[in-house]
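Every number for a ligand or one of its atoms is a count from 1 in the order of the listing. This is a predicted model, so every value here is computed, not measured.
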Amino acid sequence: RFAVSFAKSRRDIECGSDQHVLDAARQAGVRLPASCTQGMCGTCKVKLVSGQVEMKHNGGIRQREIDQGMVLLCCSKPLSDLVIDK
Ligand code: FES
């Protein structure tokens, strides 16, 4: 399990390496915007301050955004501890 910190809301949760970050956040009671939960709509897009994820999206994010450190939490699993700008 990895530690996931939401920097702005000051919430720290744990997320299994086989678990999508959005699901872990919801289970911990952290409210995040999301819609399709399948990596298509972009609603769950956030900026990753530090850490790495494995993301399998379906077109909900552009390569340019990925290059800028954005991720879709509904289809991202942690590969390390994470800090999220949210
Ligand atoms: Fe639609 Fe994540 S909720 S891309």
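Applying the salt bridge (Lys or Arg N to Asp or Glu O under 4.0 Å) test to residues at least two apart or on different chains, the pairs with a partner in residues 2-16 are Arg1-Glu14, Lys8-Asp85.
Scanning for side-chain hydrogen bond (donor to acceptor under 3.5 Å, both in side chains) contacts around Lys56 gives Glu54, with sequence neighbours left out. Every side chain to side chain contact (heavy atoms under 4.5 Å, CB included) that Thr43 has, sequence neighbours left out, goes to Pro33, Ser35, Cys41.
Excluding waters, the set of protein N, O or S atoms lying under 2.8 Å from atom 1 (Fe) of ligand 1 comprises Cys36 SG, Cys41 SG.
Between Asp23 and Gln27, the side chains place no donor N or O within less than 3.5 Å of an acceptor N or O (distance only, hydrogens not considered).
Taken together through direct or relayed side-chain contacts under 4.5 Å among Ile, Leu, Val, Met, Phe, Trp and Tyr, Phe2 and Val53 form parts of separate hydrophobic clusters.
Here the side chain of Asn58 pairs no donor or acceptor atom with the backbone of Gly39 at under 3.5 angstrom.
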